[in-house]
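First up is the structure itself, then whatever we jot down about it.
These values consider heavy atoms only, across backbone and side chains, with no hydrogens, waters or symmetry-generated copies.
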Amino acid sequence: GSLFGRRSCAWKDIRHVEIKERRGRGYSAWIYVLLADGRSIKLKAPFSTNRSANSELDEAVSAIRRYCMHTPRRSTGRH
């Protein structure tokens, strides 16, 4: 399996990466990526169920953002 489950995308299509938290019966935090076409995909891992242990999520988001910044974007031909 992949981090996206049955969905996939090219690195160049990722426009934003963020952590979304859900509170209710418990706590959970997941990484979401926003794609160029407006879709949002929740990654299957990593995730957190402990509010005080989100450093792994923060590190993962930083790594994804760094990788995306260094991935060439295809030119649209517009100037």
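In this structure, CD1 on I64 lies 7.0 Å from CD1 on I14, to the nearest 0.5 angstrom. The distance from atom CG of L57 to atom CG of L43, rounded to the nearest 0.5 Å, is 9.5 Å.
With sequence neighbours left out, the side-chain contact (heavy atoms from CB on, under 4.5 Å) criterion links Y32 to E18, K20, W30, S40, K42. Judged as a side-chain contact (heavy atoms from CB on, under 4.5 Å), and not counting sequence neighbours, the contacts of A10 are K12, D13. Listed by chain and number, the residues in a side-chain contact (heavy atoms from CB on, under 4.5 Å) with R23 are E21, Y27, R51 (sequence neighbours excluded). R66 is linked by a side-chain contact (heavy atoms from CB on, under 4.5 Å) to S62, A63, counting only residues two or more places apart in sequence or in another chain.
Through ILVMFWY side-chain contacts below 4.5 Å, L34 is grouped with nothing and stands alone.
Linking ILVMFWY side-chain heavy atoms closer than 4.5 Å, directly or via other members, places I41 and V61 in a single hydrophobic cluster.
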